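Written below as structure tokens is the structure these notes are about.
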Amino acid sequence: MKNFSHFRLLPKYTSRRQFLLSGLAAIALAGSKIDAATASSTALTAKPAKKAPGARKVIMLDPGHGGIDPGAVGHQGAKEKHVVLEIAHYVRDHLREHGNIDVKMTREDDFFIPLYKRVEIAHQHQADLFVSIHADGFTSPTASGASVFALSNRGASSTMAKYMSQRENDADKVAGAKYADEDNNYLQQVLFDLVQTDTIKNSLTLGRHLLDHIKPVHHLHSQHTEQAAFAVLKSPSIPSVLVETSFITNHQEEQLLTSVAFRQQISQAIANGIVKYLDYFDAHERRRPS
């Protein structure tokens, strides 16, 4: 029991969800290699304080890969890590045009961040949304189009979704087994599944708004939000999606991704989708009985 000696009983749990979220700290400490301070602070603050409708929202943008992990590489040598960082900067600029939005980024430059740490950064900033931006590759150069993915705890929604999640989840292996082990141990799955139903539902809604705005500027690989077990989307309380802007392994789309005009177009679409989701969510919250 010494692992839990620094926890004190809360005077009263206001909800089953709060109780489960607080239990994540003990689970993480018992089964994870992450230090106690990190595990407890992340788990106990997993549910951000509820914000009033119209309050400033914090959007966490996550440019995929970086540093020693280049991500997918196109036939002409374009690297995913560079492309998505530029797109994320454009999305940030578009979102900052809205006075009620604060934008944070998991990385501002070309450096490596483990997958679990990206989730942790979002919680540290009490983000309202987490959007991971990618330009992935596939075994066939004919694969094309944009996609949006949300988390699934019940298996992938398609063969492509399964392939993408496995590929993205292997990103930490580029930096060594230590990071992959930390991702696997970050949170145990037992309570994690129980507190995440609403978060996944909101993630799917966010995905729908993003697809609605991406479709007019770029064709879609999938017409609906796909789901798979992406490690970077495993926040228990922050709606999280992964946007595949295009396939960098497709000859035509690699050219698009290196074009400033396309980067501006796709980033504007992503920003507009985020704003529309926030408007929808605020309206929905106002209608919800207290």
Side-chain angles (χ1 to χ4, degrees), residues 61-94 105-115 118 130-150 156 158-175 207 210-211 213-223 225-226 228 230-233 240-271 273:
L61 300 179
D62 173 48
H65 308 280
I68 60 174
D69 175 19
V73 179
H75 298 280
Q76 299 300 316
K79 295 180 179 179
E80 180 182 4
K81 66 175 184 175
H82 296 314
V83 169
V84 298
L85 181 60
E86 287 298 313
I87 292 174
H89 281 143
Y90 286 135
V91 176
R92 178 189 62 186
D93 293 343
H94 291 312
M105 293 177 62
T106 55
R107 67 180 181 98
E108 294 273 5
D109 210 334
D110 182 22
F111 53 85
F112 175 80
I113 305 175
L115 298 176
R118 296 169 188 259
F130 179 93
V131 180
S132 193
I133 300 174
H134 292 255
D136 219 333
F138 191 57
T139 53
S140 170
T142 60
S144 65
S147 305
V148 178
F149 297 87
S158 69
T159 302
M160 178 63 78
K162 182 178 181 180
Y163 173 86
M164 289 296 188
S165 64
Q166 289 176 337
R167 191 178 189 283
E168 294 298 344
N169 291 348
D170 284 345
D172 282 355
K173 292 182 180 179
V174 176
L210 288 168
L211 289 170
H213 286 82
I214 292 173
K215 186 175 182 178
V217 303
H218 190 46
H219 75 280
L220 301 179
H221 183 81
S222 177
Q223 298 293 319
T225 306
E226 297 274 9
F230 289 89
V232 77
L233 303 182
S240 304
V241 295
L242 186 148
V243 180
E244 294 289 358
T245 54
S246 282
F247 283 83
I248 203 168
T249 48
N250 177 286
H251 295 279
Q252 291 74 31
E253 294 198 342
E254 181 183 10
Q255 293 179 359
L256 279 178
L257 289 166
T258 57
S259 160
V260 173
F262 178 75
R263 290 177 181 179
Q264 284 279 15
Q265 282 185 322
I266 199 75
S267 61
Q268 183 72 73
I270 293 170

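This structure is a prediction, so every number in the text was calculated from the model and none was measured.
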- Query: In Å and rounded to the nearest 0.5 Å, what is the CG to CG distance from L220 to L211?
  - Reply: 5.5 Å

- Message: When you compare the side chain of E226 with that of S147, does any pair of heavy atoms fall below 4.5 Å?
- Response: no

- Heavy-atom donor-acceptor pair, D110 side chain to G66 backbone, under 3.5 Å: no

- Message: To check you understand the geometry: which heavy-atom pair defines the closest contact between S140 and T142, and what is its length?
- Response: OG-OG1, 2.7 Å

- Task: Using the six-membered ring wherever Trp is involved, compare the ring planes of F138 and F247 and label them parallel, tilted or perpendicular (cut-offs 30° and 60°).
- Result: perpendicular

- At what distance, to the nearest 0.5 angstrom, does OG1 of T245 lie from NE2 of H134? 9.5 Å

- Full working for side chain to side chain contact (heavy atoms under 4.5 Å, CB included) between L61 and H89: CA-CA 9 Å; L61 300 179; H89 281 143; over 6 Å; no

- Query: Going through the distances and angles, do K215 and Q223 end up as a side chain to side chain contact (heavy atoms under 4.5 Å, CB included)?
  - Reply: CA-CA 9 Å; K215 186 175 182 178; Q223 298 293 319; 3.6 Å; yes

- Interatomic distance, L85 atom CG to Y90 atom OH [nearest 0.5 angstrom]: 11.0 Å

- Message: Is any side-chain heavy atom of I270 closer than 4.5 Å to one of H94?
- Response: no

- Query: With distance as the sole test, does R118 use its side chain to make a donor-acceptor pair with the main-chain N or O of T106 at under 3.5 Å?
  - Reply: no

- Message: Rounded at 0.5 Å granularity, tell me how far CG in L233 sits from CG in L242.
- Response: 5.5 Å

- Task: Might you point out which heavy atoms bring H213 and G273 nearest each other, and give the distance in Å?
- Result: ND1-CA, 3.7 Å

- If every non-hydrogen atom of L257 is compared with every non-hydrogen atom of A135, which pair is closest and at what distance? CD1-CB, 3.8 Å

- Message: A side-chain contact here means heavy atoms from C-beta on lying under 4.5 Å apart; do V232 and F149 qualify?
- Response: no

- Minimal heavy-atom distance between V217 and A269, with the atoms involved, is CG2-CB, 3.9 Å

- Task: Please test I248 against V73 for side chain to side chain contact (heavy atoms under 4.5 Å, CB included), starting from the C-alpha separation and ending with a verdict.
- Result: CA-CA 7 Å; I248 203 168; V73 179; over 6 Å; no

- Taking all non-hydrogen atoms of both residues, which atom of D62 and which atom of S132 are closest, and how far apart? OD2-OG, 2.6 Å

- Query: Under 3.5 Å, is there a donor-acceptor pair between the side chain of R107 and the main chain of H65?
  - Reply: yes

- So, for A146 and I214, which heavy atoms are closest and what is the spacing to 0.1 Å? CB-CG2, 3.8 Å

- Message: To the nearest 0.5 Å, what is the distance between OG on S267 and CD on E86?
- Response: 10.5 Å

- Task: State whether the side chain of K81 and the backbone N or O of D69 hold a donor-acceptor pair below 3.5 Å, judged by distance alone.
- Result: no

- Note on the structure: Tested for side chain to side chain donor-acceptor pair (under 3.5 Å) against S144, the lone hit among H218, Q252, H219, H251 is H219

- Starting from the C-alpha separation in whole Å, work towards a yes-or-no answer on side chain to side chain contact (heavy atoms under 4.5 Å, CB included) for H221 and E244. CA-CA 9 Å; H221 183 81; E244 294 289 358; over 6 Å; no

- Message: Taking the side chain as everything from C-beta on, heavy atoms only, tell me whether I87 gets closer than 4.5 Å to V243.
- Response: no

- Task: Output the distance between atom OG (S259) and atom CD (Q264), rounded to the nearest 0.5 Å.
- Result: 9.5 Å

- Item | Validation row: S246, F262 side chains within 4.5 angstrom (heavy atoms) | yes

- Task: For E254 and Q76, indicate whether the former's side chain and the latter's backbone hold a donor-acceptor pair under 3.5 Å.
- Result: yes

